[in-house]
S.K.: 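Input: one structure, supplied below.
Residue numbers begin at 1 in each chain, while the letters A, B, ... track the order of the sequences.
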2 protein chains.
Amino acid sequence: MDQDLQRTVNAYRRLATMFNRAKTHERLTEAAGVRLDRPDVQILVTLLDAGEPRRIGMIAESLQVESPHVTRHVASLERRGLVQRVRDPDDGRAWRIALTEEGAEAAVSCRRVTTEWFEGALTGWSPADQAELARLLDKLAEDMFEHLKPQLDRTSSAK
Amino acid sequence: MDQDLQRTVNAYRRLATMFNRAKTHERLTEAAGVRLDRPDVQILVTLLDAGEPRRIGMIAESLQVESPHVTRHVASLERRGLVQRVRDPDDGRAWRIALTEEGAEAAVSCRRVTTEWFEGALTGWSPADQAELARLLDKLAEDMFEHLKPQLDRTSSAK
DNA sequence: TATTGTTATACTCTATAACTATA
DNA sequence: TATAGTTATAGAGTATAACAATA
């Protein structure tokens with residue numbers, strides 16, 4: 001069959017297996033010096049990447065989970081002072097979730113640890129290969145999203 | 001900072017988010033024509049990739065989960081006739097888990113769907129880029145494993 | 001005594017359904 | 001009436017602890 005294709009799929013699977021481990025998440029939070037569960041980290045990093053306050057629904061869409069899940073974790077993060085909620089001035093039903101200073105610090109730490117893991121793995125790679133990886137993985141994510149999109153839409157609209 | 005590095009990390013995160021969705025798994029099993037939960041699929045495909053019967057412990061290690069988890073799912077797969085257990089001739093404590101014909105068919109279907117998704121996303125890519133992606137992703141998986149390994153060992157031995 | 005696996009249990013993650021409030 | 005979010009509940013996924021059996 002297609003050798004390259006099979007190699008790509010297998011490589012992806014191996015990466016996913018490594019990163020999905022509970023132990024890996026423990027390692028991440030330990031290195032980052034935070035006590036956060038996985039959804040907490042995802043939410044904080046999403047807000048950090050966005051660079052501005054986000055609504056619950058937008059966060060859920062980014063993470064591709066249902067909104068009650070986000071509601072619960074945001075409530076917990078709020079109690080711990082890592083995010084704060086502000087009424088959306090344009091829509092009284094909606095809130096914006098904003099990182100507090102402490103929340104932003106935690107998010108930065110977590111994001112940095114992940115980045116450092118990749119950096120560590122890529123040590124010794126030629127700059128050309130590093131650039132190629134970035135280009136191709138970015139393209140793959142983009143094209144995979146487009147390819148899977150019709151399916152995603154179909155399941156959503158089937159609700 | 002390092003533009004390429006950040007792009008790589010973000011692209012990986014987007015891919016992981018897509019594939020971790022429950023809906024994506026539903027789509028996979030529907031397309032494959034099987035009724036299997038996620039761990040079931042992982043176990044069957046692992047056995048298929050291995051090409052020969054495997055012990056519970058080896059499966060757990062491949063998937064990087066704890067063995068009771070594998071025990072439970074293998075028991076269920078066995079009841080459904082997708083795998084069968086054979087005493088390991090070399091070690092009376094151990095079993096080998098083998099795919100039945102039906103189990104192998106299910107595994108092939110599931111693996112094919114995933115492969116087709118990648119194939120679909122890569123449609124329109126030049127053969128050179130496809131080969132480069134395979135080479136670089138494979139190398140990334142390998143190097144990431146080596147990089148994270150000391151940490152993995154540390155947590156394992158800390159048991 | 002060390003290793004392989006199982007049973008029992010509990011926790012984490014996430015979905016669905018029913019509801020509230022604002023538009 | 002449609003939309004944004006919450007509350008309540010349940011189910012999947014996986015870990016830990018205690019145990020059994022064989023080496």
Side-chain angles (χ1 to χ4, degrees), chain A residues 16-29 35-43 53-79 83 85-97 152 155-159, chain B residues 16-29 35-43 53-79 83 85-97 152 155-159:
Chain A
T17 299
M18 283 183 250
F19 283 111
N20 283 339
R21 277 191 90 189
K23 296 271 189 223
T24 305
H25 178 255
E26 274 172 36
R27 232 68 214 55
L28 171 69
T29 51
R35 273 178 62 82
L36 296 167
D37 61 25
R38 239 175 303 189
D40 286 343
V41 171
Q42 289 175 339
I43 289 168
R54 286 295 210 222
R55 292 179 178 191
I56 293 282
M58 292 169 76
I59 297 169
E61 198 187 334
S62 297
L63 298 177
Q64 299 186 328
V65 295
E66 301 301 319
S67 57
H69 180 58
V70 179
T71 294
R72 170 128 37 100
H73 284 275
V74 164
S76 140
L77 289 167
E78 190 185 16
R79 279 195 297 275
V83 301
R85 318 173 68 124
V86 189
R87 270 286 180 200
D88 188 325
D90 305 332
D91 186 340
R93 297 167 302 185
W95 299 88
R96 302 280 173 131
I97 314 302
L152 297 177
T155 49
S156 299
S157 64
K159 265 184 204 170
Chain B
T17 300
M18 282 182 250
F19 283 111
N20 283 337
R21 279 191 88 187
K23 296 270 189 225
T24 305
H25 179 255
E26 275 171 34
R27 243 43 246 46
L28 172 69
T29 51
R35 271 177 65 83
L36 296 166
D37 60 25
R38 239 174 305 185
D40 286 343
V41 172
Q42 289 176 339
I43 289 168
R54 286 296 209 220
R55 293 180 177 190
I56 294 281
M58 293 169 76
I59 297 170
E61 198 187 334
S62 297
L63 299 177
Q64 299 186 328
V65 295
E66 300 301 319
S67 55
H69 180 57
V70 178
T71 294
R72 171 129 35 101
H73 284 276
V74 163
S76 140
L77 289 168
E78 190 185 16
R79 278 195 297 275
V83 302
R85 319 174 67 128
V86 189
R87 269 289 180 197
D88 188 326
D90 304 331
D91 186 341
R93 296 166 303 184
W95 300 88
R96 303 278 172 132
I97 313 303
L152 298 177
T155 50
S156 299
S157 65
K159 264 183 202 164

S.K.: Which sits closer to the 5' end of DNA chain D, A:Asn20 or A:Arg55, going by the nucleotide each is nearest to?
M.R.: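 Going by which nucleotide is closer to the 5' end, it is A:Arg55.
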S.K.: Using whole Å, report how far CG of A:Leu63 lies from C1' of C:dA15.
M.R.: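 Rounding to the nearest Å, CG of A:Leu63 and C1' of C:dA15 are 15 Å apart.
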S.K.: Which one, C:dT16, C:dC13, D:dT6, comes nearest to the side chain of A:Ser67?
M.R.: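 Output: D:dT6.
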S.K.: Would you say B:Thr17's side chain and A:Leu63's backbone share a donor-acceptor pair under 3.5 angstrom?
M.R.: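 No, the answer is negative, given that no donor and acceptor are paired below the 3.5 Å cut-off.
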S.K.: Check nucleotides 18-23 of chain C for protein N or O atoms closer than 3.5 Å to its own N or O atoms and list the pairs.
M.R.:
from	atom 1	to	atom 2	distance (Å)
C:dA23	OP1	A:Gly92	N	2.9

S.K.: Taking the side chain as C-beta and beyond, is there a heavy-atom pair between B:Met58 and B:Ile97 under 4.5 Å?
M.R.: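 SC-SC contact between B:Met58 and B:Ile97 ruled out.
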S.K.: Do the non-hydrogen side-chain atoms of A:Arg38 and A:Leu28 ever get within less than 4.5 Å of each other?
M.R.: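 No; the side chains remain at least 4.5 Å from each other.
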S.K.: Could you go through B:Arg85 and B:Arg96, starting from their C-alpha distance and side-chain angles, then the distance that decides it, and tell me whether this counts as side chain to side chain contact (heavy atoms under 4.5 Å, CB included)?
M.R.: CA-CA 6 Å; B:Arg85 319 174 67 128; B:Arg96 303 278 172 132; over 6 Å; no
S.K.: Please give, in whole Å, the distance from C:dC13 P to A:Arg38 CZ?
M.R.: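 Going from CZ in A:Arg38 over to P in C:dC13 covers 6 Å.
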S.K.: Choosing from C:dC13, D:dG13, C:dG5, which nucleotide comes nearest the side chain of B:Ile56?
M.R.: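 Nucleotide nearest to B:Ile56's side chain: C:dG5.
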S.K.: Taking all non-hydrogen atoms of both residues, which atom of B:Met18 and which atom of B:Thr24 are closest, and how far apart?
M.R.: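 For B:Met18 versus B:Thr24, the nearest heavy atoms are O-OG1, 2.8 Å.
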S.K.: A:Glu66 CD to D:dA4 P: how many Å, rounded?
M.R.: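 Whole-Å distance recorded here is 14 Å.
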S.K.: Does the side chain of B:Leu36 reach to within under 4.5 Å of the side chain of B:Leu77, using non-hydrogen atoms?
M.R.: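 They are in side-chain contact.
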S.K.: Nearest whole angstrom, please: distance from the C1' of D:dA15 to the CD of A:Glu26.
M.R.: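 Those two atoms, CD and C1', are 9 Å apart.
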S.K.: Can you check the A:Glu61 CD to D:dT3 P distance for me, whole Å?
M.R.: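 Spelled out: CD on A:Glu61 to P on D:dT3 is 14 Å.
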S.K.: Distance check needed: C:dT12 C1' versus A:Ile43 CD1, whole Å only.
M.R.: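 Distance, rounded to whole Å: 14 Å.
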S.K.: Ring of B:Trp95, cation from B:Arg55 - is the NZ or CZ under 6.0 Å from the centre and inside 45° of the axis?
M.R.: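 That pair does not qualify as a cation-pi contact.
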S.K.: Let me know the distance between CD1 of A:Ile97 and P of D:dG5, rounded to the nearest Å.
M.R.: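 A:Ile97 atom CD1 is separated from D:dG5 atom P by 8 Å.
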S.K.: Ignoring the backbone of B:His73, work out which of C:dT16, D:dT6, D:dT14 is nearest its side chain.
M.R.: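 Nearest listed nucleotide: D:dT14.
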S.K.: Find which nucleotide of DNA chain D each of A:Ala75 and B:His69 is nearest to by heavy atoms, and output the residue with the more 5' nucleotide.
M.R.: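 Checking each residue's closest nucleotide, the 5'-ward one belongs to A:Ala75.
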S.K.: Under 3.5 Å, is there an N or O donor on one side and an acceptor on the other linking the side chain of A:Arg72 and the base of C:dT14?
M.R.: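 By the distance-only test, yes, there is a pair.
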S.K.: What's B:Arg85 touching, base or sugar-phosphate or nothing? Going by heavy atoms closer than 4.0 Å.
M.R.: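 The residue B:Arg85 makes sugar-phosphate contact but no base contact.
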S.K.: To the side chain of A:Asp37, which of C:dA15, C:dC13, C:dT6 is closest?
M.R.: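 Selected nucleotide: C:dC13.
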S.K.: Taking the minimum atom-to-atom distance to the side chain of B:Thr71, which one of D:dG13, D:dA15, C:dG5 wins?
M.R.: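 Nucleotide nearest to B:Thr71's side chain: C:dG5.
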S.K.: For A:Asp40 and C:dC11, give me the distance from atom CG to atom P, rounded to whole Å.
M.R.: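 For the pair A:Asp40 CG and C:dC11 P, the rounded distance is 17 Å.
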